[in-house]
Amino acid sequence: MSSDTLINASWLDYLLVAIYFAFVLGIGVMARRSVSDSIDFFLSGRSLPAWVTGLAFISANLGAVEIMGMSANGAEIGLPTVHYFWVGAVPAMLFLGVVMMPFYYGSKVRSVPEFMYRRFGTGAHLVNAISFAVAQLLIAGVNLALLAGIVHALLGWPIWIALVVAGAIVLSYITLGGLSAAIYNEVLQFFVIVASLLPLTLIGLHRVGGWDGLTEKITAAADKAPASAEVAPAAQQLESWPGQALSGFDSSLLSVIGIVFGLGFVLSFGYWTTNFVEVQRAMASDSISAARKTPIIGAFPKMFIPFIVIVPGMISAVLVQEMVDLKNGGTPAGGASGDGVAYNDALLLLLMRDVLPNGLLGLAIAGLLAAFMAGMAANISAFNTVFSYDLWQRYIRRDHSDDYYLRIGRLATVAATVIAIFTARIAMGYTNVMDYLQTLFGFFNAPLFATFILGMFWKRMTPTAGWVGLVAGTLSAIAVDRLAAAGVIDLPGQGAAFLAASTAFVVDIVLSVVVSLVTKPKPASELRGLVYSETPREDRTDPDEAAMPWWRRTVPLAGIALAMVVVLNIAF
Amino acid sequence: MSNTSNTSDTSDTTRETGSTHKAGVFDIRNIIGALLALYGVILTLAGLLGEHEPEKTGGVNANLWTGIALLLVGGFFIAWARMRPIVVPEHVEAPDDDPTRPAPQRRRPPVH
């Protein structure tokens, strides 16, 4: 082992990490015994209760990217980062549960691309399945890169070896247990993460003198910062609205519009309602009612996660010397990459190193490793489903036995892990991981949402319009991104990503409508379960739900979640 | 061998109902409870016996308090699983076959 590891872990910390790994692999082995066919492997046999899939739903997203990226944003721009949760996630999750899930679960499709196939046919299906599969490989790479980063920091292993070992661990439990193992680990991970980040936040707040102390220190730091560092004014860092520090717009009106439409509507609805990584968790639940409640139950913890992710980032920016230097425009040495401290190090290395005693440090490391593995596992388990069902079975080898597709699924998992090791190298080229991901989501998700929502509610929309809208939308997002990269469009922060996503959405809608009007729609008889007006009410609802108490019904639950998130937006 | 694999304690329950068994160890609540309680024990001991490191935490014995909290939460999950055990149906209904999907569909479960 190398002597210059960044975190000074003791045997106690290693013990806690080792216990976690024993549980992870144990889950894989136990889940292995219950996998008897491909539905078990890919969709957990559709047998899980709503609170399990609900926690897995947000845990699949509470991966490395979320924790590192959001705490990094918290350190850099402060409180406006909460928009990724309260505007950029919760409303879309509620919409998914209330409006869209009945079509996904009720139509009995096995994946989101399969829904595409039945609504629009081959063209849109191929575009969706392939772009989704590619995106998952890239994002799995991001998660893996961060996972390798912490192993590197903890054990001092070279990044390459850390990448391979980390990949091997994820691989072992998914190939063994399939989606059940992934979901069980996600739920377990959720609790370990909360158990590690909550003490970190509380101790951190204690160290800086509570919320008031944090406010004072951020204000003082922003006043003192040199102009060249371009630190956002303290008022912008401490209030969520209008969020100029996040959107990069100077005008507060444009900033609000950018956040609400760009992030809140296009990016987040695109991500949460069409992303099979998330939707797959709901598809694993045991009834249409549980499937609809999955994202809604997930919304409750989701709205409080910022307090244990963003707030520690803000604390580290005033408490940890390296972060203070970085925010003032310096280039302190160290960090997970070895090339100097970056904002991504806010939580992982620096705050934990300075604040947590041995013991809690081990718990925190286990929690982060858990998050990284779960994020990557989620990408890979979604990838292997889409690859096996939507690409291999439909286009390459039809009509084989179920065992055959189960085997293909396991092989796809191995291949995906190997590829993710290489995409991890791509991800390492970007300093702020969120920027990288927003770019990707803009390319893939925004046009997808436009096509889905139009296709679900407008029966006239034609198969040709389906794929034309998707392709044109994605290309327009790439064009905007390239223009921004070349400096033709000048928007700092996330502004360019918002603009690319919004453009993709508008282009998709306009072209879909125009093309639909000149091409031939599918006959109405084929649209049952897929389009709102053609689906009888009993296909969309669970007959048992009316008998449940109000707090177990979908719509009242969603109403409570919405009211709570509005209150949070007003309070901060 | 396809669907007898997850029956650990079913020899008498199947006689009564013929179709269900309890999830037992594989109930996720037991797994969560066991991990959190184990962490709770270790951290509580570390808090009582180990170094305190007050310069990091600002004077709080963080290991001890976190350990106690974890013990409580872990105990809650185990108690919940004890009081309301999950009953797993022996046969989960297969999703309907989709006419657009390539055949063959799902392997037929063996008939008892």
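All values below come from the heavy atoms of this structure, side chains included, with hydrogens, waters and symmetry mates left out. Quantities reported herein were computed from a predicted structural model and do not represent experimental measurements. Residue numbering restarts at 1 for every chain, and letters A, B, ... go by the order of the sequence lines.
The candidate with the highest count of non-hydrogen atom pairs below 4.5 Å against chain B, out of A/L356, A/V52, A/L12, is A/L356.
Annotation: salt bridge (Lys or Arg N to Asp or Glu O under 4.0 Å) contacts involving residues 177-200 of chain A, sequence neighbours excluded, comprise A/E186-A/R281.
For residues 66-77 of chain B, heavy-atom neighbours of chain A at less than 4.5 Å comprise B/T66, B/L70, B/F77, sorted by residue number. Contacts of residues 34-47 of chain B with chain A at a heavy-atom distance below 4.5 Å involve B/A34, B/L35, B/L36, B/L38, B/Y39, B/I42, B/L43, B/A46, listed in sequence order.
Heavy atoms closer than 4.5 Å to chain B are found in the side chain of A/L363, but not in its backbone. For A/P199, the part lying under 4.5 angstrom from a heavy atom of chain B is the side chain only. Looking at A/F190, neither its backbone nor its side chain comes within 4.5 Å of chain B, counting heavy atoms on both sides. In this structure, the portion of A/A366 lying under 4.5 Å from any heavy atom of chain B is its side chain and not its backbone.
The minimum heavy-atom distance linking B/A62 with A/L360 is given by the pair CB-CD1, 3.4 Å.
Looking at residues two or more places apart in sequence or on another chain, you find a side-chain contact (heavy atoms from CB on, under 4.5 Å) between A/R397 and A/W392, A/H400, A/Y404.
Rounding to the nearest 0.5 Å gives a distance of 4.5 Å between CD1 of B/I32 and CZ of A/F191.
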side-chain contact (heavy atoms from CB on, under 4.5 Å) evaluation trace for A/I203 with B/W65
CA-CA 11 Å; A/I203 300 168; B/W65 289 110; over 6 Å; no

